[in-house]
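Just so it is clear, the model here is predicted, and its values are computed rather than measured.
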Amino acid sequence: MRNRKNVNRRRAALLLCVCGMLCLAVAGCKGKSSWSTLDPDTAKAIDADFRGKVWKLQDGDLYVVKCKVKVQEDGSLESSSPSSKARLKDSDLIPVIYTEDTKFYVRTVSGDGGESEDTEGGPEDLELYMTLDMKGDFGSDGFHPSEIRMLRFS
């Protein structure tokens, strides 16, 4: 009888350890789940690999939150992002690591969503809560853009 209780306790302890490790694995994966580029069809539609909203500009560092972009059946785009009044943790932000080789453009989009015009820009044109369309790739430390298009709506 005593031996049976020990076996049951060991099984319970083992099960508890497995559940704990599973929870840690899920929590660890959750942290970078938003670190993904757009699906190929959406990327083609907006001519970018990733869309983000500027959330933090500090000492030359740029942090964004991911914008969700969806191509509708009629070909129009639907884009959403957190409200600028939302409280986000720093762990929710994605670092954007740009270099002197990164090309910056300002895209002025008319209010009716029609024609747009691109002009050369630079990091000094970045503004809080501005939407960015970026070409590049994710690394372990954030997004590395070759091109950043800053969207301004008139």
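- Aromatic ring pairs are classed by plane angle as parallel below 30°, tilted from 30° to 60° and perpendicular above 60°; the pair W55 and Y129 is perpendicular.
- Using a 4.5 Å cut-off on side-chain heavy atoms (C-beta onward), P145 and V96 make contact.
- Here T42 pairs with D39 under the side chain to side chain donor-acceptor pair (under 3.5 Å) rule; sequence neighbours left out.
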side-chain contact (heavy atoms from CB on, under 4.5 Å) between I94 and F138, worked out: CA-CA 10 Å; I94 300 169; F138 276 100; 3.7 Å; yes
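- E147 meets the salt bridge (charged side-chain N to carboxylate O under 4.0 Å, His left out) test with R149; sequence neighbours excluded.
- Scanning both residues, V71 and D41, for their nearest heavy atoms gives CG2-O, 4.4 Å.
- Take F153 and apply the ring pair (Phe, Tyr, Trp, His ring centres under 6.0 Å) test, not counting sequence neighbours, and it matches no residue.
- Hydrophobic clustering (ILVMFWY, side-chain heavy atoms < 4.5 Å, transitive): Y105 and L62 are in distinct clusters.
- Distance check: D133 CG to T131 OG1 gives 8.0 Å after rounding to the nearest 0.5 Å.
- For the atom pair CG (L77) and CD1 (I46), the distance works out to 7.0 Å, reported to the nearest 0.5 Å.
- Heavy atoms only, all atoms of each residue included: G52 and C67 are closest at C-SG, 3.7 Å.
- E117 places none of its side-chain heavy atoms less than 4.5 Å from the side chain of V106.
- Pairs engaging residues 78-90 under the salt bridge (charged side-chain N to carboxylate O under 4.0 Å, His left out) rule: K56-D90 [sequence neighbours left out].
- L93 and F143 fall within the same hydrophobic cluster, where Ile, Leu, Val, Met, Phe, Trp and Tyr residues are linked whenever their side-chain heavy atoms come under 4.5 Å apart, directly or through other members.
- Residues V64 and L132 have side chains in contact (heavy-atom distance under 4.5 Å, counting atoms from C-beta outward).
- Residues Y98 and P123 form a side-chain contact, since some pair of their non-hydrogen atoms from C-beta on lies under 4.5 Å apart.
- Among residue pairs with one or both ends in residues 118-128, those qualifying as side-chain hydrogen bond (donor to acceptor under 3.5 Å, both in side chains) are R107-D118, E127-R152; sequence neighbours excluded.
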Go through it in stages, so that I can follow the logic: the residues are M150 and L126, the test is side-chain contact (heavy atoms from CB on, under 4.5 Å), and I'd like the CA-CA distance, side-chain angles, deciding distance and then a yes or no. CA-CA 7 Å; M150 300 167 269; L126 291 165; 3.7 Å; yes
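- Formation of a donor-acceptor pair under 3.5 Å by the D49 side chain with backbone atoms of G136 is found in this model.
- Using a 4.5 Å heavy-atom threshold, the side chains of S79 and K70 count as separate.
- Every residue two or more places apart in sequence or in another chain was checked for a salt bridge (charged side-chain N to carboxylate O under 4.0 Å, His left out) with K53, and none qualifies.
- Residues K66 and W35 form no side-chain contact, since every pair of their non-hydrogen atoms from C-beta on lies 4.5 Å or further apart.
- I97 and V54 fall into different hydrophobic clusters, where Ile, Leu, Val, Met, Phe, Trp and Tyr are joined by side-chain heavy atoms under 4.5 Å apart, directly or via other members.
- Looking at L88 and V65, their side chains come closer than 4.5 Å, going by heavy atoms from C-beta outward.
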